[in-house]
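Remarks on the structure that follows.
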There are 2 protein chains.
Amino acid sequence: MLSKKTKYGLKALTYIARSEDDMPVQVGEIAKSEQIPQKFLESILLTLRKAGFLGSKKGKHGGYYLRKQPSEIIMADVMRILEGPIAMVPCVSLNFYEKCEDCPNEDQCTVNKLMIQVRDSTLKVLRNTTLEDLSAKS
Amino acid sequence: MLSKKTKYGLKALTYIARSEDDMPVQVGEIAKSEQIPQKFLESILLTLRKAGFLGSKKGKHGGYYLRKQPSEIIMADVMRILEGPIAMVPCVSLNFYEKCEDCPNEDQCTVNKLMIQVRDSTLKVLRNTTLEDLSAKS
DNA sequence: ATTAATCCTATCGATTTAATAGGAATTACA
DNA sequence: TGTAATTCCTATTAAATCGATAGGATTAAT
């Protein structure tokens with residue numbers, strides 16, 4: 001299951017990408033428009049800022065803005081920050097690899113084999129989709 | 001994350017498929033060989049039986065056996081029973097569809113669009129992989 | 001009968017998730 | 001210079017889920 005954190009994060013990124021002004025977008029505005037609990041959204045945008053996707057401006061008339069072009073914000077990267085590993089099993093994760101305690105030899109593990117395939121097919125999609133694709137109006 | 005239930009279930013199915021005799025395979029044997037808590041495995045195999053993948057024989061010399069050819073046991077179906085929906089979001093699920101409470105119009109939801117693509121690519125793999133593929137010795 | 005297996009239900013502890021609360025730090029602007 | 005508005009940060013909580021365990025009921029072979 002996709003967490004609400006990720007769902008909200010993706011919606012917020014899309015919202016910001018679509019806002020045409022140069023003005024930073026405020027959390028309250030996004031929260032209201034997308035029906036997201038404001039305090040929860042605050043923490044999500046903070047995470048996205050720390051990860052380098054967003055910049056922020058504090059104080060009155062502050063808010064968040066994109067730090068890269070939408071075409072350079074790749075879904076695989078966003079998902080890893082918000083949702084964690086793409087892989088369904090740590091022993092198959094590229095960025096968060098961990099050996100299974102059970103499972104003596106990974107090479108012969110059938111779950112491993114299957115999940116590598118799932119991971120690769122998912123990655124193919126997520127690497128080829130950017131925020132630009134998401135925020136395209138059509 | 002793949003649940004342990006699913007992981008254990010897949011390993012057990014593979015184990016049973018590989019056992020060459022006609023004899024039913026006992027839970028205890030699988031649990032020992034695959035390092036799975038026996039009671040937990042019991043409940044998993046029960047689920048797989050109720051879903052029609054396995055048959056069972058009770059009492060002494062009892063155990064579990066496949067009810068279909070391994071080539072007819074499709075991973076997408078197994079995953080749906082053990083793990084639940086393939087889709088990461090209910091509003092994108094083929095078999096477990098649910099509308100989101102937020103999100104007024106699904107057609108325009110960018111999360112929806114992205115998750116449809118992820119779902120389709122995952123399904124492609126899971127529909128084309130059977131227990132025969134998993135249990136192939138090579 | 002006895003033994004050995006599946007079957008079934010209930011429960012428990014740990015973890016994770018979604019959300020809330022409260023306030024500190026910073027900035028715009030009157 | 002002070003006030004309002006905003007991001008920033010930490011802690012806490014309620015609910016759900018997960019993994020595992022417990023205890024026994026049922027069934028079948030010998």
Side-chain angles (χ1 to χ4, degrees), chain A residues 1-12 16 23-32 34-67 81-85 88-90 96 100-102, chain B residues 1-12 16 19 23-32 34-67 81-85 88-90 96 98 100-102:
Chain A
M1 277 290 293
L2 197 74
S3 66
K4 297 217 169 182
K5 182 179 173 189
T6 302
K7 189 178 168 188
Y8 293 160
L10 291 175
K11 286 193 172 192
I16 296 172
M23 297 283 292
V25 186
Q26 291 175 4
V27 175
E29 182 188 338
I30 304 172
K32 196 173 176 188
E34 300 293 332
Q35 319 230 46
I36 302 170
Q38 175 157 350
K39 279 290 198 179
F40 192 17
L41 184 55
E42 271 184 28
S43 72
I44 295 168
L45 295 188
L46 218 41
T47 306
L48 288 171
R49 198 213 60 188
K50 286 178 182 167
F53 298 109
L54 295 177
S56 67
K57 193 186 166 198
K58 283 177 153 188
K60 209 167 183 175
H61 300 172
Y64 288 92
Y65 52 90
L66 295 181
R67 275 189 96 174
I81 293 299
L82 293 174
E83 189 74 6
M88 296 187 77
V89 177
F96 303 81
C100 297
E101 304 121 16
D102 48 331
Chain B
M1 277 290 293
L2 196 74
S3 66
K4 296 218 170 185
K5 183 178 172 190
T6 303
K7 188 178 166 189
Y8 293 161
L10 290 175
K11 286 192 173 195
I16 296 171
S19 99
M23 297 282 293
V25 185
Q26 292 175 5
V27 175
E29 181 187 338
I30 304 174
K32 197 174 173 188
E34 301 293 330
Q35 318 230 43
I36 302 170
Q38 175 155 351
K39 278 291 197 179
F40 193 15
L41 184 54
E42 269 183 30
S43 72
I44 296 169
L45 295 188
L46 218 42
T47 305
L48 289 171
R49 196 212 64 191
K50 284 177 182 166
F53 299 109
L54 295 176
S56 66
K57 194 185 165 199
K58 281 176 151 190
K60 207 168 187 176
H61 299 171
Y64 288 92
Y65 52 90
L66 296 181
R67 274 190 96 174
I81 294 298
L82 293 175
E83 190 73 7
M88 295 187 78
V89 177
F96 303 82
E98 269 179 52
C100 297
E101 304 122 17
D102 48 332

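Chain identifiers are assigned alphabetically (A, B, ...) following the order of the sequence lines, protein sequences preceding nucleic acid strands; residue numbering begins at 1 within each chain.
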Nearest-Å distance for atom pair CD/P, residues A:Q38 and C:dG23: 17 Å
Contacting residues from residues 42-52 of chain A, given that a heavy atom lies under 4.0 angstrom of DNA chain D: A:E42, A:L46, A:R49, A:K50
Close side-chain approach of A:L2 and A:E83, heavy atoms under 4.5 Å: yes
Rounded distance [0.5 Å steps], NZ in A:K4 versus NZ in A:K11: 10.0 Å
Rounded distance (Å) that lies between atom P of C:dC7 and atom CZ of B:F40: 17 Å
For the student: nearest non-hydrogen atoms of A:V89 and A:C100, plus distance: CG1-SG, 4.4 Å
Atom-pair distance (CD1 on A:I36; P on C:dA19), nearest Å: 10 Å
Overall bend - the helix from C:dA1-D:dT30 to C:dA30-D:dT1, comparing terminal axes fitted on five pairs, nearest 10 degrees: 10°
Student check: side-chain heavy atoms of A:M88 and B:T6 closer than 4.5 Å: no
Minimum heavy-atom distance between A:V27 and A:Y64, given as atom pair plus value: CG2-CE1, 3.5 Å
Listed pairs, N/O of protein and of nucleotides 15-17 of chain C, under 3.5 Å:
none

Interface limits on DNA chain D, where chain A has a heavy atom under 4.0 Å of a nucleotide atom: D:dA5 to D:dC9
Rounded distance in Å - NZ (B:K39) to C1' (C:dC12): 15 Å
Nearest-angstrom distance from the residue atom CD of B:E101 to P of C:dA18: 12 Å
Length of the CE-P vector between B:M23 and C:dA5, whole Å: 10 Å
Contact summary for A:P24 and A:G63, nearest pair of heavy atoms: CB-C, 3.6 Å
B:M1 vs A:P85 side-chain heavy atoms within contact, under 4.5 Å: no
Nearest non-hydrogen partners of B:G9 and B:L82, listed with the distance: CA-CD1, 3.9 Å
DNA chain C contacts made by residues 54-64 of chain A, counting heavy atoms under 4.0 Å: A:K57, A:K58, A:G59, A:K60, A:H61
Side-chain donor-acceptor distances from residues 36-56 of chain B under 3.5 Å, at least two apart:
residue : atom : partner : partner atom : Å
B:S43   : OG   : B:F40   : O            : 2.7
B:T47   : OG1  : B:S43   : O            : 2.9

Pairs touching residues 23-32 of chain A that satisfy side chain to side chain donor-acceptor pair (under 3.5 Å), sequence neighbours left out: A:Y15-A:E29
